Number of protein chains: 2
Amino acid sequence: MDTKSRIMEESFKLFLKKGFVDVSLNEIRKASNITTGGFYYHFDSKDTLLVAVIEKYIFNYFNSTIRQIRDFEGTPKEKLKTVILSIIGETQLSESSEKIDYRTLHLLLMEGVKKYEIISKHYTEFYYNLLNFIRDVLDDGAAQDIIRRDIDSTELATFIQTSMVGTVLMWIAMPEMPIENRMNSNIDHLWNYITK
Amino acid sequence: MDTKSRIMEESFKLFLKKGFVDVSLNEIRKASNITTGGFYYHFDSKDTLLVAVIEKYIFNYFNSTIRQIRDFEGTPKEKLKTVILSIIGETQLSESSEKIDYRTLHLLLMEGVKKYEIISKHYTEFYYNLLNFIRDVLDDGAAQDIIRRDIDSTELATFIQTSMVGTVLMWIAMPEMPIENRMNSNIDHLWNYITK
DNA sequence: TAAAAAAAACATAATAGTCGGTATGTTTAA
DNA sequence: TTAAACATACCGACTATTATGTTTTTTTTA
């Protein structure tokens, strides 16, 4: 792996563990085995690094996951379940085999959303991406005559998305209940409601 | 107002605006019109201050809101709608008339949850408190023969809570859609599902 | 009830340490 | 020979905190 990627990956791991502001450039340097000069050759600032890291390891991953599930063969219900569990579930760091706890990732994301306009923009874009995905799945299900047509699919998609996103936050608040259980239970109820 | 309360209120405002770590003691001192000695007379450290502020201005407020809505006369549906809108909606700083944007409050809360075990504990407790409230409302509705009985009320309450909490996060992600609209739409769908 | 003592409520000054960032030097590859 | 890819040394600004001094209020005592 080249130096820049190494810096980004090690920083990402540190950010997840301690949060952005609580990781100093010294720590980043040590973890990446590089000196100050080396770091500033690749990045203009610590902030630039954070934005790059979040774009690469979070949003790229999120959006490519949605893309994959779009091509995924399965029932609409399976697709809905899979997309969110893929994102939330056992995220994996590229190349290495380390698993990431989504909860810490979410907290890092919130930190970025608060501090940087560009991350906030990416965040919004991702949710529109997810919303469109859910709506397409619903439209597909309606075409297959599985899903009710009396409610506008965008509104239904919004309802479903809200519930799925809530699952994440509840997982942070009440971690003792496994995410899979909560997700399965929620999707089952949603499914009862949206199917004919 | 006494000095300690003044420090806490001014700090809370600063924390909401910039986040905890980005507010220095110097800023707190200036805003509260106090010196270093004065500050450290009332608080052991900056961290102690944050915990005190979050306990007082967030969790006290949250939990007392739930208590109020418990006594609130109204239909189960109104109660559900009111409790979350009261918490999320136009929160108000004690004494002063300044309105708080819940989104910034949520981000501050996440910062605290990440950094301090005690805040994380309060956070979990609050969500159990909310869950119990929702379940009681549902049980009440079932007793009035409004709400279906074929699903366990705890599971139904969990489903509803997840959706409500998701509403908050969606509001952060997609702020252009007003929280009231989203909440009303979601509650209507939930209601269709849980009523007989 | 006035003086004395004690405690509370601050104010001032200083400190050690860390922070992100810069300027410049050196090595390596094209 | 030139530019990329680093390394070294350094810096001023700022950080939370401490130690100590001063003022104000409360309590105790004569």
Side-chain angles (χ1 to χ4, degrees), chain A residues 1-57 95 107-108 110-119, chain B residues 1-57 95 107-108 110-119:
Chain A
M1 207 185 333
D2 63 337
T3 307
K4 187 168 181 177
S5 299
R6 203 175 65 244
I7 295 173
M8 289 178 71
E9 181 159 333
E10 293 299 329
S11 303
F12 184 45
K13 285 196 254 176
L14 286 171
F15 292 163
L16 287 174
K17 206 184 296 171
K18 310 178 63 184
F20 175 67
V21 286
D22 284 332
V23 176
S24 70
L25 277 180
N26 259 328
E27 294 178 83
I28 293 172
R29 288 197 313 94
K30 280 174 195 164
S32 316
N33 195 31
I34 206 175
T35 57
T36 309
F39 176 84
Y40 280 97
Y41 175 76
H42 292 288
F43 298 96
D44 289 343
S45 67
K46 193 190 166 193
D47 300 71
T48 308
L49 169 68
L50 176 69
V51 174
V53 161
I54 287 185
E55 283 177 344
K56 178 174 179 185
Y57 289 107
E95 322 247 330
L107 294 173
L108 177 62
M110 287 293 103
E111 204 174 346
V113 164
K114 169 137 205 179
K115 281 179 87 79
Y116 306 100
E117 189 62 37
I118 176 88
I119 293 179
Chain B
M1 209 188 328
D2 63 337
T3 308
K4 187 168 182 177
S5 299
R6 202 174 67 243
I7 295 174
M8 289 180 71
E9 181 159 334
E10 293 299 327
S11 303
F12 184 46
K13 286 196 253 178
L14 285 172
F15 292 163
L16 287 174
K17 207 183 297 172
K18 308 179 64 184
F20 174 67
V21 286
D22 284 332
V23 175
S24 71
L25 276 179
N26 259 327
E27 294 179 82
I28 292 173
R29 288 199 312 92
K30 280 174 195 165
S32 317
N33 194 31
I34 206 175
T35 57
T36 308
F39 176 84
Y40 279 97
Y41 175 77
H42 291 287
F43 297 97
D44 289 342
S45 66
K46 194 190 164 192
D47 299 70
T48 307
L49 169 66
L50 176 70
V51 174
V53 161
I54 287 185
E55 283 177 345
K56 177 174 179 184
Y57 289 107
E95 322 247 331
L107 294 173
L108 176 62
M110 288 293 103
E111 204 175 345
V113 164
K114 169 137 207 182
K115 282 179 87 81
Y116 306 100
E117 188 63 37
I118 176 89
I119 294 179

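None of these values were measured; they are calculated from a predicted model. Note on naming: letters A, B, ... go to the chains in the order of the sequence lines (proteins, then strands), and numbering restarts at 1 for each one.
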Can you tabulate the close N/O pairs, meaning under 3.5 Å, that link protein atoms to atoms of nucleotides 27-30 of chain C?
none

Between [N] ([atom2]) and [X] ([atom1]): distance, integer Å:
X        : N       : atom1 : atom2 : answer
Leu49(B) : dA16(D) : CG    : P     : 11 Å
Arg29(A) : dA5(D)  : CZ    : P     : 20 Å
Ile28(B) : dT15(D) : CD1   : P     : 11 Å
Asp2(B)  : dT24(D) : CG    : C1'   : 16 Å
Tyr41(B) : dT12(C) : OH    : P     : 18 Å
Phe43(B) : dT18(D) : CZ    : P     : 16 Å

Run the side chain to side chain donor-acceptor pair (under 3.5 Å) test against [X] and tell me which residues pass, sequence neighbours left out.
X         : result
Lys114(A) : none
Lys4(B)   : none
Asn33(A)  : none

Quick one: which of dA11(C), dC6(D), dC10(C) gets closest to the side chain of His42(B)?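 That would be dC10(C).
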Measure from the side-chain heavy atoms of Thr3(A) and tell me the nearest of dA7(D), dC10(C), dC6(D).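 Minimum distance to the Thr3(A) side chain belongs to dC6(D).
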5' to 3', nucleotides 15-21 of chain C under a 4.0 Å protein heavy-atom cut-off (B base, S sugar-phosphate only, - none) gives ----SSB
For [X], what residues pass the salt bridge (charged side-chain N to carboxylate O under 4.0 Å, His left out) criterion, not counting sequence neighbours?
X        : result
Asp47(A) : none
Lys46(A) : none
Lys18(B) : Glu27(B)

Using the test ring pair (Phe, Tyr, Trp, His ring centres under 6.0 Å), find all partners of Phe20(A) that sit at least two apart in sequence or belong to another chain.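 With neighbours one apart ignored, the set is Phe15(A).
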Minimum side-chain heavy-atom gap Leu49(A)-Phe39(A) below 4.5 Å: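 In short, these two side chains touch, coming nearer than 4.5 Å.
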Would you indicate whether the side-chain heavy atoms of Leu50(A) and Leu108(A) approach each other to under 4.5 Å?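 Leu108(A) vs Leu50(A): side chains touch.
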